[in-house]
Amino acid sequence: MSQIAVINPILYTSETNQIPKVHSIKDTMIYTLCLGFLHLGHSVTLIAAEDYRPSDEETYDFPVVWMQTACRKVFLPRALPYMPKLRGFLRAHKEFDLIISSEVFGTWSYTAARLYPEKTLIWHELAKHNNILHRIPSRIWYRLIGGLLMRKAAVIPRSEAAADFIRQFMPVVSDMCIEHGVDLEKCPQQLWKEKKEQFAVVSQFIERKRIDRIILRFKAFLENGHPSFRLYLIGQGELEEQLRTLVKQHHLEESVLFCGQLGHDRLLPIVAQSRALLIATAKDNNMVSIAESIAAGTPVVTTSVPYNAAYVRREKLGIVSDDWNEETLREICENNAFYVQNCVCYRDRLSNVYCAQQFVDYIKRKSPDENGIS
C-alpha cells in the first residue's frame, strides 16, 4: 500500500468570486479519482481549499484536509487560491509516496514541486494562458516559475491540447494523457439498454454554455418529424429564467423539461436512457459530463471546443461539429446503436480505477528505485 496526497484546491467551477455552496463534494471529479486510488488498495488524502467545503456535514471515505486561503484579493479563491499552511503540512507529512497536484499554474503545485520534485506529478488541464490581468501573470509563471523553478516535477496532461501547450514550458511531460475518471459502479450496464426518445443536457445555465442554441436546434428537430422527443435540461444558473421564457415563447413546455440540479443517482439514469448528450459550449476545458455520458453508454453531440472532444471524434463516441443542427440529431438517432456500442467498448478507459492505476504505473516507470510506490 502506498500513501498518496492529492492537492486540488478548486473542487468545482465558480463563474464569480462568490463561490456557491454545494451540499456534497462526493460527485466531484477529484473525489472520484481519490476513490480510484482507494479501490486499488492505496491510502489517499485529499487537500482542498476551505472555500469549497460543502454546506452539509459529510463522512468521507478517506481524509479530506480543508485549508484556509489567504491574500484573497490577489489570489482569487475561484481561480488561483493560495493556501499558506500547505508547505508546513507537506513538511510534516513526509510519508506520502506520491503527490498529485492539479495544474502547473498554481501556488499549491509550486509548493509541492519545490519540496518534493521527485515524487510530485502535476496533472495539467489548461491548454492556453489564464486570462487574469491580460494573461501577463500566466505568461510569467509558465516561462519563469514553471520552466525554471518547477522543472524537475513531471507533468501529466489531461488532453492532447494540454500536452501541446505545456510542452512549450516544462521539460518533463508524459507522452500519455490521463483523462477525467468516472465511477463505473454508478453507471451499471442495465441503464443504457433502454434508450428513450430523449436527449439530455447537463450544464450550468450560463452564457458560454449556449443552452439557448440547443433548445432552438432541438425545436427544429421536433418540427422535422420527431414530435415525441423530449429534451431534459439538468442544471441551474443565472440564465434559467431566460431559458424558461424562451421555451414558453416557442411553445415547448411539453417537450423541454427543466430538472434542476440533480445528484448522480438521479442524473445518470436520465443520461443513460437518452439518445445523446448535447453540448454547444463556446468555452470549456475537459468536460466531466462528456466522460460520464460515455461511461453511461450515451454518445455525445458536441462542438469541438471541449478538450475531450478529441477522443469523441477519434473513437467515434458521438458527433463533433461546431455547426451541429437538427440533421445531426437525426443522424445520431439513426445510427444510435453504432455509437452506443463504441461508448460501451470505451467506457473502461474512463474508469476512475483505470485512471488511478495510470498514475501509479507512471511514477513506477519514471523512477523505479526512488519511490515507495507499490
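Just so you know, these numbers use all the heavy atoms, side chains as well, and skip hydrogens, waters and symmetry mates.
Annotation for Q18: atom CD does not count as buried by contact number, only 12 or fewer foreign heavy atoms lying within 6.0 Å. The environment of K21 atom NZ is dense: over 12 non-hydrogen atoms of other residues, nucleotides or ligands sit within 6.0 angstrom. For D323, the CG atom is loosely surrounded, since the number of other residues' heavy atoms within 6.0 Å does not exceed 12. Atom CZ of R167 has more than 12 neighbouring heavy atoms from other residues, nucleotides or ligands inside a 6.0 Å radius.
Residue T303 holds its OG1 atom at 7.0 Å from CD1 of I279, rounded to the nearest 0.5 Å. Once rounded to the nearest 0.5 Å, the distance linking OG of S159 with NE2 of H180 reads 8.5 Å. Rounding to the nearest 0.5 angstrom, the gap separating the CD atom in Q261 from the CG atom in L267 is 8.5 Å. Separation of atoms OG1 (T298) and NZ (K195) is listed at 2.5 Å; rounding is to 0.5 Å. Note that the CE atom of M170 and the CG atom of L148 stand 10.0 Å from one another [nearest 0.5 Å]. A distance of 11.0 Å separates CD1 in I19 from CD in E50, rounded to the nearest 0.5 Å.
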Could you walk me through whether K26 and T32 pass side-chain hydrogen bond (donor to acceptor under 3.5 Å, both in side chains), step by step?
CA-CA 7 Å; K26 290 187 177 181; T32 300; over 6 Å; no
| query | What do the steps show when you test H93 against Q3 for side-chain hydrogen bond (donor to acceptor under 3.5 Å, both in side chains), and what is the final call? | reply | CA-CA 10 Å; H93 293 273; Q3 299 196 55; over 6 Å; no
**Prompt:** When you look at L278 and L231, which way does the side-chain contact (heavy atoms from CB on, under 4.5 Å) test go after all the steps?
**Reply:** CA-CA 9 Å; L278 306 185; L231 174 64; 4.0 Å; yes
side-chain contact (heavy atoms from CB on, under 4.5 Å) evaluation trace for E327 with L329:
CA-CA 5 Å; E327 288 302 312; L329 299 182; over 6 Å; no
Next item on the list: List the steps, then state whether side-chain contact (heavy atoms from CB on, under 4.5 Å) holds for E15 with R208.
Entry: CA-CA 11 Å; E15 294 297 314; R208 64 182 172 85; 2.7 Å; yes
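Scanning both residues, Q198 and F229, for their nearest heavy atoms gives N-CD2, 3.5 Å. For the residue pair D183 and N352, the shortest heavy atom distance occurs at CA-OD1, 3.7 Å. In this structure, P299 and N336 approach most closely via the heavy-atom pair CG-ND2, 3.8 Å. For the residue pair A70 and F75, the shortest heavy atom distance occurs at O-CB, 4.2 Å. Between C71 and Y82, the shortest heavy-atom distance links the atoms SG-CD2, 4.3 Å. The two atoms that bring I156 and L121 nearest to each other are CD1-CD1, 4.0 Å, heavy atoms only.
With contacts defined as side-chain heavy-atom distances shorter than 4.5 Å, the pair N308/M287 qualifies. Looking at heavy atoms from C-beta onward, E207 lies in side-chain contact with L239 at the 4.5 angstrom threshold. When side chains are defined from C-beta on, R213 counts as touching R217, because their heavy atoms get closer than 4.5 Å. Taking the side chain as every heavy atom from C-beta outward, I332 and W324 never approach each other to under 4.5 Å. When side chains are defined from C-beta on, E315 counts as touching R349, because their heavy atoms get closer than 4.5 Å. Side chains of D348 and S351 form no contact here, defined as non-hydrogen atoms less than 4.5 Å apart. Counting heavy atoms from C-beta on, the side chains of V65 and L46 never come closer than 4.5 Å. Counting only heavy atoms from C-beta outward, the side chains of F221 and C333 approach each other to under 4.5 Å.
Among pairs with a residue in residues 224-234, those fulfilling side-chain hydrogen bond (donor to acceptor under 3.5 Å, both in side chains) read E197-S228, at least two apart in sequence or across chains. Within the structure, every pair that satisfies the side-chain hydrogen bond (donor to acceptor under 3.5 Å, both in side chains) test and touches residues 137-157, not counting sequence neighbours, is listed here: H129-S138. Every pair passing salt bridge (Lys or Arg N to Asp or Glu O under 4.0 Å) that includes a residue from residues 70-96 is listed here, sequence neighbours excluded: D51-R72.
Ion pairing between a basic and an acidic side chain is recognised when a charged N comes within 4.0 Å of a carboxylate O; D265 and K186 show no such pairing. The pair E125-R158 counts as a salt bridge, with a side-chain nitrogen and a carboxylate oxygen less than 4.0 angstrom apart. We find that R314 and E160 are joined by a salt bridge, their nearest charged nitrogen and carboxylate oxygen being less than 4.0 Å apart.
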Below 3.5 Å, can you tabulate the donor-acceptor pairs from side chains in residues 241-256 to any protein atom, sequence neighbours excluded?
| unit_1 | atom_1 | unit_2 | atom_2 | d |
| --- | --- | --- | --- | --- |
| R244 | NE | E240 | OE2 | 3.2 |
| R244 | NH2 | E240 | OE2 | 3.1 |
| T245 | OG1 | E241 | O | 3.0 |

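In this model, a donor atom of one side chain and an acceptor atom of the other lie less than 3.5 Å apart for N8 and S102. Side-chain contact check for D322 and S304: at least one donor-acceptor pair (N or O, by modelled atom type) lies under 3.5 Å. Side-chain contact of D361 with Q357: a donor-acceptor pair under 3.5 Å is present, judged by distance alone. Side chains of H264 and D27: a donor-acceptor N/O pair is present below 3.5 angstrom, by distance only. With 3.5 Å as the limit, one finds no donor-acceptor pair spanning the side chains of D284 and Y307.
Aromatic pair F105/F169: ring centres not closer than 6.0 Å. Not less than 6.0 angstrom separates the ring centroid of Y116 from the ring centroid of F96.
Not one N or O on the side chain of R114 forms a donor-acceptor pair closer than 3.5 Å with the backbone of M150. A donor-acceptor contact shorter than 3.5 Å is absent between the side chain of W108 and the backbone of A48. With hydrogens and angles ignored, the 3.5 Å screen pairs a side-chain donor or acceptor of S109 with a backbone N or O of E103. Formation of a donor-acceptor pair under 3.5 Å by the N325 side chain with backbone atoms of T328 is found in this model. S55 places a side-chain N or O within 3.5 Å of a backbone atom of V22 that can act as its donor or acceptor partner. Remark: side-chain polar atoms of S293 are not paired, donor with acceptor, to backbone N or O of S289 under 3.5 angstrom. Of the possible donor and acceptor atoms, one in the side chain of T120 sits under 3.5 Å from a partner among the backbone N and O of A112. A distance-only check finds a donor-acceptor pair linking the side chain of E58 to the backbone of I25 [under 3.5 Å].
Exactly one residue among Y311, Y339, Y354 makes a ring-ring contact (aromatic ring centres under 6.0 Å, His included) with Y346. That residue is Y311.
Between H124 and F165, the ring planes are parallel. Angles under 30° get that label, and only those over 60° would be called perpendicular. Between F205 and F258, the two ring planes are perpendicular [angle over 60°; tilted spans 30° to 60°].
Hydrophobic clustering, defined by side-chain heavy atoms of Ile, Leu, Val, Met, Phe, Trp and Tyr closer than 4.5 Å, groups L40 together with V353.
Evaluation of the ring pair (Phe, Tyr, Trp, His ring centres under 6.0 Å) rule for Y52 yields Y12 as partners, not counting sequence neighbours.
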